[in-house]
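Heads up, the thing below is written out as C-alpha coordinates.
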Amino acid sequence: MLRATVFSLGVVLMACGGVAHAADAPLPDGRVFLPPPPAAGSLAQQDDERDFARTRTQVGTPRWALAQNDANLAADHLVRDFSCAAGFSLDPAHLPRLVALIERVGKDIEPRVTEQKAYWKRLRPFVGGQAAICTPDRAHLEQSYAYPSGHTTYGWLVASLLADLLPDRATPILERGRVFGESRIVCGVHWKSDVQAGFMNGAGLFAALQGQSWFVQAMAQARAELQAARQQAGAPDGARCTTEHQAATASVL
(Lines give C-alpha, C1' and ligand atoms only; values in the text may rest on other atoms or scores of the structure.)
Protein backbone atom coordinates (compact mmCIF):
# COMPACT_ATOMS: atom_id res chain seq x y z
CA MET A 1 0.00 0.00 0.00
CA LEU A 2 1.51 3.27 -1.09
CA ARG A 3 1.27 5.89 1.62
CA ALA A 4 3.43 8.67 0.25
CA THR A 5 2.13 12.21 0.38
CA VAL A 6 3.47 14.70 -2.13
CA PHE A 7 3.17 18.48 -1.95
CA SER A 8 3.98 20.60 -5.02
CA LEU A 9 3.06 24.14 -6.15
CA GLY A 10 0.07 24.33 -3.84
CA VAL A 11 -1.39 21.06 -5.19
CA VAL A 12 -1.74 18.20 -2.75
CA LEU A 13 -1.62 14.69 -4.18
CA MET A 14 -2.52 11.72 -2.04
CA ALA A 15 -1.79 8.10 -2.94
CA CYS A 16 -4.98 6.60 -1.61
CA GLY A 17 -6.74 4.11 -3.84
CA GLY A 18 -4.70 5.40 -6.75
CA VAL A 19 -6.54 8.73 -6.80
CA ALA A 20 -4.88 12.16 -6.71
CA HIS A 21 -6.73 15.05 -5.06
CA ALA A 22 -6.31 18.77 -5.66
CA ALA A 23 -6.13 20.96 -2.56
CA ASP A 24 -9.47 22.17 -1.23
CA ALA A 25 -10.26 25.51 0.40
CA PRO A 26 -7.79 26.75 3.04
CA LEU A 27 -8.26 25.52 6.58
CA PRO A 28 -9.67 28.04 9.10
CA ASP A 29 -7.26 30.59 10.52
CA GLY A 30 -6.75 30.10 14.25
CA ARG A 31 -5.14 33.52 14.53
CA VAL A 32 -8.68 34.82 14.15
CA PHE A 33 -10.98 32.28 15.79
CA LEU A 34 -8.79 31.33 18.76
CA PRO A 35 -8.69 33.66 21.77
CA PRO A 36 -5.31 35.20 22.56
CA PRO A 37 -3.21 33.54 25.26
CA PRO A 38 -3.41 34.96 28.80
CA ALA A 39 -1.69 38.28 29.30
CA ALA A 40 1.31 38.55 31.60
CA GLY A 41 0.19 39.05 35.20
CA SER A 42 -3.44 38.12 34.48
CA LEU A 43 -5.39 35.72 36.68
CA ALA A 44 -5.42 33.23 33.81
CA GLN A 45 -1.62 33.38 33.54
CA GLN A 46 -1.29 32.91 37.28
CA ASP A 47 -3.53 29.87 37.00
CA ASP A 48 -1.31 28.50 34.22
CA GLU A 49 1.76 29.00 36.41
CA ARG A 50 0.17 27.18 39.35
CA ASP A 51 -0.71 24.21 37.15
CA PHE A 52 2.81 24.06 35.74
CA ALA A 53 4.31 24.00 39.24
CA ARG A 54 1.76 21.47 40.50
CA THR A 55 2.37 19.01 37.67
CA ARG A 56 6.15 18.94 38.27
CA THR A 57 5.32 16.51 41.08
CA GLN A 58 4.32 13.94 38.44
CA VAL A 59 7.95 13.21 37.51
CA GLY A 60 8.63 9.47 37.63
CA THR A 61 4.99 8.43 38.00
CA PRO A 62 2.94 6.28 35.58
CA ARG A 63 1.25 9.50 34.46
CA TRP A 64 4.66 10.93 33.60
CA ALA A 65 5.46 7.81 31.57
CA LEU A 66 2.17 8.21 29.69
CA ALA A 67 3.06 11.84 28.92
CA GLN A 68 6.40 10.66 27.56
CA ASN A 69 4.58 8.15 25.37
CA ASP A 70 2.14 10.79 24.15
CA ALA A 71 4.97 13.04 23.01
CA ASN A 72 5.46 10.74 20.01
CA LEU A 73 3.39 12.04 17.07
CA ALA A 74 4.31 9.36 14.51
CA ALA A 75 1.06 8.29 12.87
CA ASP A 76 1.54 4.58 13.48
CA HIS A 77 2.33 5.24 17.15
CA LEU A 78 -0.69 7.50 17.47
CA VAL A 79 -2.96 4.81 16.02
CA ARG A 80 -1.79 2.32 18.67
CA ASP A 81 -2.37 4.90 21.40
CA PHE A 82 -6.12 4.74 20.81
CA SER A 83 -6.39 0.94 21.14
CA CYS A 84 -7.82 0.98 24.66
CA ALA A 85 -10.31 3.66 23.68
CA ALA A 86 -11.30 1.72 20.55
CA GLY A 87 -11.82 -1.44 22.59
CA PHE A 88 -9.58 -3.54 20.36
CA SER A 89 -5.93 -3.56 19.35
CA LEU A 90 -5.24 -1.07 16.56
CA ASP A 91 -2.37 -2.55 14.56
CA PRO A 92 -0.98 -0.02 12.07
CA ALA A 93 0.27 -2.86 9.87
CA HIS A 94 -3.35 -3.83 9.23
CA LEU A 95 -4.62 -0.25 8.95
CA PRO A 96 -2.57 1.36 6.16
CA ARG A 97 -5.40 3.62 4.94
CA LEU A 98 -6.04 4.92 8.45
CA VAL A 99 -2.34 5.59 8.99
CA ALA A 100 -2.11 7.36 5.61
CA LEU A 101 -5.14 9.50 6.50
CA ILE A 102 -3.66 10.52 9.86
CA GLU A 103 -0.31 11.32 8.23
CA ARG A 104 -2.03 13.45 5.60
CA VAL A 105 -4.07 15.33 8.17
CA GLY A 106 -0.94 16.03 10.21
CA LYS A 107 0.88 17.48 7.22
CA ASP A 108 -2.15 19.53 6.17
CA ILE A 109 -2.62 21.22 9.56
CA GLU A 110 1.07 21.82 10.31
CA PRO A 111 1.31 25.14 8.38
CA ARG A 112 -1.73 26.49 10.21
CA VAL A 113 -0.38 25.58 13.64
CA THR A 114 3.05 26.98 12.76
CA GLU A 115 1.62 30.34 11.75
CA GLN A 116 -0.50 30.48 14.91
CA LYS A 117 2.51 29.89 17.13
CA ALA A 118 4.56 32.48 15.23
CA TYR A 119 1.73 35.00 15.57
CA TRP A 120 1.46 34.85 19.38
CA LYS A 121 5.10 33.98 20.16
CA ARG A 122 4.27 32.65 23.61
CA LEU A 123 7.21 31.07 25.43
CA ARG A 124 6.89 27.58 26.85
CA PRO A 125 6.53 27.25 30.64
CA PHE A 126 9.95 25.69 31.27
CA VAL A 127 11.94 28.35 29.37
CA GLY A 128 14.32 30.23 31.63
CA GLY A 129 14.18 27.67 34.44
CA GLN A 130 15.42 24.23 35.37
CA ALA A 131 12.09 22.45 35.95
CA ALA A 132 11.86 18.92 34.57
CA ILE A 133 10.10 18.19 31.29
CA CYS A 134 9.23 14.74 29.98
CA THR A 135 11.04 14.92 26.62
CA PRO A 136 14.79 15.04 25.84
CA ASP A 137 14.51 17.72 23.14
CA ARG A 138 14.59 20.66 25.56
CA ALA A 139 16.92 22.80 23.42
CA HIS A 140 14.74 22.35 20.34
CA LEU A 141 11.52 23.13 22.18
CA GLU A 142 13.03 26.28 23.66
CA GLN A 143 13.26 27.60 20.10
CA SER A 144 9.58 26.97 19.34
CA TYR A 145 6.47 28.64 20.72
CA ALA A 146 3.74 27.32 22.96
CA TYR A 147 0.35 28.69 21.88
CA PRO A 148 -1.67 26.82 20.79
CA SER A 149 -0.44 23.31 21.52
CA GLY A 150 0.24 21.55 18.22
CA HIS A 151 0.27 18.11 19.88
CA THR A 152 -3.14 18.79 21.39
CA THR A 153 -4.51 20.14 18.12
CA TYR A 154 -3.38 17.02 16.28
CA GLY A 155 -4.42 14.63 19.04
CA TRP A 156 -7.92 16.09 19.34
CA LEU A 157 -8.34 16.07 15.57
CA VAL A 158 -7.31 12.39 15.44
CA ALA A 159 -9.64 11.59 18.34
CA SER A 160 -12.50 13.34 16.53
CA LEU A 161 -11.67 11.43 13.36
CA LEU A 162 -11.65 8.07 15.17
CA ALA A 163 -14.86 8.90 17.05
CA ASP A 164 -16.50 9.47 13.68
CA LEU A 165 -15.13 6.18 12.34
CA LEU A 166 -16.11 4.19 15.47
CA PRO A 167 -19.19 6.01 16.77
CA ASP A 168 -20.04 3.31 19.30
CA ARG A 169 -16.66 4.05 20.95
CA ALA A 170 -16.86 7.84 20.63
CA THR A 171 -16.97 8.53 24.37
CA PRO A 172 -13.77 6.66 25.37
CA ILE A 173 -12.00 7.84 22.20
CA LEU A 174 -12.71 11.49 23.00
CA GLU A 175 -11.70 10.88 26.61
CA ARG A 176 -8.36 9.54 25.36
CA GLY A 177 -8.03 12.62 23.18
CA ARG A 178 -8.43 14.78 26.27
CA VAL A 179 -5.81 12.78 28.16
CA PHE A 180 -3.47 13.11 25.18
CA GLY A 181 -3.73 16.89 25.39
CA GLU A 182 -3.35 16.91 29.17
CA SER A 183 -0.11 14.98 28.72
CA ARG A 184 1.45 18.19 27.39
CA ILE A 185 0.74 19.90 30.71
CA VAL A 186 2.15 16.96 32.66
CA CYS A 187 5.15 16.96 30.33
CA GLY A 188 5.83 20.58 31.22
CA VAL A 189 6.12 21.80 27.65
CA HIS A 190 2.76 23.61 27.45
CA TRP A 191 0.68 25.85 29.64
CA LYS A 192 -2.86 24.71 30.45
CA SER A 193 -4.33 27.44 28.24
CA ASP A 194 -2.17 26.22 25.30
CA VAL A 195 -3.84 22.84 25.61
CA GLN A 196 -7.33 24.28 25.97
CA ALA A 197 -6.74 26.27 22.77
CA GLY A 198 -5.45 23.08 21.11
CA PHE A 199 -8.77 21.33 21.78
CA MET A 200 -10.63 24.22 20.16
CA ASN A 201 -8.15 24.33 17.29
CA GLY A 202 -8.43 20.61 16.58
CA ALA A 203 -12.23 20.76 16.64
CA GLY A 204 -12.29 23.67 14.20
CA LEU A 205 -9.88 22.01 11.80
CA PHE A 206 -11.78 18.71 11.93
CA ALA A 207 -15.04 20.50 11.12
CA ALA A 208 -13.44 22.18 8.09
CA LEU A 209 -11.84 18.96 6.83
CA GLN A 210 -15.24 17.31 6.59
CA GLY A 211 -16.03 19.65 3.70
CA GLN A 212 -13.00 18.57 1.69
CA SER A 213 -13.55 15.93 -0.97
CA TRP A 214 -10.31 14.02 -0.39
CA PHE A 215 -11.10 13.74 3.33
CA VAL A 216 -14.59 12.37 2.75
CA GLN A 217 -13.21 9.66 0.45
CA ALA A 218 -10.31 8.80 2.75
CA MET A 219 -12.64 8.55 5.75
CA ALA A 220 -14.89 6.10 3.89
CA GLN A 221 -11.90 3.93 3.04
CA ALA A 222 -10.55 4.06 6.60
CA ARG A 223 -13.99 3.19 8.01
CA ALA A 224 -14.24 0.05 5.90
CA GLU A 225 -10.67 -0.91 6.81
CA LEU A 226 -11.32 -0.44 10.53
CA GLN A 227 -14.48 -2.51 10.47
CA ALA A 228 -12.67 -5.37 8.76
CA ALA A 229 -9.76 -5.19 11.21
CA ARG A 230 -12.12 -5.10 14.17
CA GLN A 231 -13.41 -8.58 13.36
CA GLN A 232 -9.95 -10.11 13.78
CA ALA A 233 -8.20 -7.85 16.27
CA GLY A 234 -7.22 -8.90 19.77
CA ALA A 235 -7.86 -7.10 23.04
CA PRO A 236 -5.74 -4.07 23.99
CA ASP A 237 -3.10 -4.24 26.73
CA GLY A 238 -4.88 -4.30 30.09
CA ALA A 239 -2.13 -2.58 32.10
CA ARG A 240 -1.94 0.22 29.56
CA CYS A 241 -5.71 0.66 29.67
CA THR A 242 -5.60 0.93 33.45
CA THR A 243 -2.97 3.68 33.27
CA GLU A 244 -5.02 5.62 30.72
CA HIS A 245 -8.17 5.24 32.83
CA GLN A 246 -6.40 6.53 35.92
CA ALA A 247 -5.08 9.51 33.93
CA ALA A 248 -8.58 10.28 32.67
CA THR A 249 -10.15 10.19 36.13
CA ALA A 250 -7.40 12.35 37.67
CA SER A 251 -7.53 15.17 35.15
CA VAL A 252 -4.95 17.94 35.43
CA LEU A 253 -7.30 20.50 33.91
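Side-chain atoms are counted along with the backbone in the values below, which use heavy atoms only and exclude waters and symmetry mates. For reference, positions follow the sequence shown, starting with 1.
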Does [X] come within less than 4.0 Å of [Y], counting only side-chain N to carboxylate O?
| X | Y | answer |
| --- | --- | --- |
| R176 | D70 | yes |
| R122 | D194 | yes |
| K107 | E103 | no |

Donor-acceptor pair, distance only, cut-off 3.5 Å: does the side chain of [X] make one with the backbone of [Y]?
| X | Y | result |
| --- | --- | --- |
| H77 | N69 | yes |
| W191 | L123 | yes |
| S251 | A248 | no |
| R56 | V186 | yes |
| R124 | L141 | yes |
| N201 | V113 | no |
| E225 | L98 | yes |
| S89 | D91 | no |

Side-chain heavy-atom pair [X], [Y] within 4.5 angstrom cut-off:
| X | Y | answer |
| --- | --- | --- |
| Q196 | M200 | no |
| F215 | R104 | no |
| F82 | L161 | no |
| R178 | F199 | yes |
| E244 | C241 | no |
| Y119 | D29 | no |
| D81 | V158 | no |

Of the non-hydrogen atoms in [X] and [Y], which two are nearest, and what is the gap between them?
| X | Y | answer |
| --- | --- | --- |
| L166 | R230 | CD2-NH1, 3.7 Å |
| E182 | A247 | OE1-O, 4.3 Å |
| A233 | F88 | CB-CD1, 3.5 Å |
| F52 | P125 | CD1-CB, 3.6 Å |
| V195 | H190 | CG2-CB, 4.2 Å |
| Y147 | W120 | CD2-CE3, 3.5 Å |

Starting at [atom1] of [X], measure out to [atom2] of [Y] and round the result to the nearest 0.5 Å.
| X | Y | atom1 | atom2 | answer |
| --- | --- | --- | --- | --- |
| L27 | R112 | CG | CZ | 6.5 Å |
| L209 | L101 | CG | CG | 9.0 Å |
| L34 | S193 | CG | OG | 11.5 Å |
| D237 | T243 | CG | OG1 | 8.5 Å |
| S83 | R80 | OG | CZ | 8.5 Å |
| N72 | L78 | CG | CG | 8.5 Å |

Can you label the angle between the H151 ring and the F180 ring as parallel, tilted or perpendicular, going by 30° and 60°? parallel
Given the rule that I, L, V, M, F, W and Y join up when any side-chain heavy atoms are under 4.5 Å apart, are [X] and [Y] in one cluster?
| X | Y | answer |
| --- | --- | --- |
| L174 | M219 | no |
| I173 | L157 | yes |
| V59 | I185 | yes |
| V99 | I109 | yes |
| V105 | F206 | yes |

Modelled atom types, side-chain donor and acceptor of [X] and [Y], under 3.5 Å:
| X | Y | result |
| --- | --- | --- |
| Q45 | E49 | yes |
| R63 | Q58 | no |
| T135 | D137 | yes |

Is there a side-chain contact (heavy atoms from CB on, under 4.5 Å) between L165 and Q227 once you walk through the steps? CA-CA 9 Å; L165 296 175; Q227 293 305 326; over 6 Å; no
Determine whether Q210 and D164 satisfy the following criterion, side-chain contact (heavy atoms from CB on, under 4.5 Å), listing intermediate values before the conclusion. CA-CA 11 Å; Q210 292 179 80; D164 189 289; 4.2 Å; yes
Does the pair Y154 and E110 meet the rule for a side-chain contact (heavy atoms from CB on, under 4.5 Å), with working shown? CA-CA 9 Å; Y154 190 33; E110 184 175 7; over 6 Å; no
Chi angles and distances behind the side-chain contact (heavy atoms from CB on, under 4.5 Å) call for L226, L90: CA-CA 9 Å; L226 262 176; L90 298 176; 3.8 Å; yes
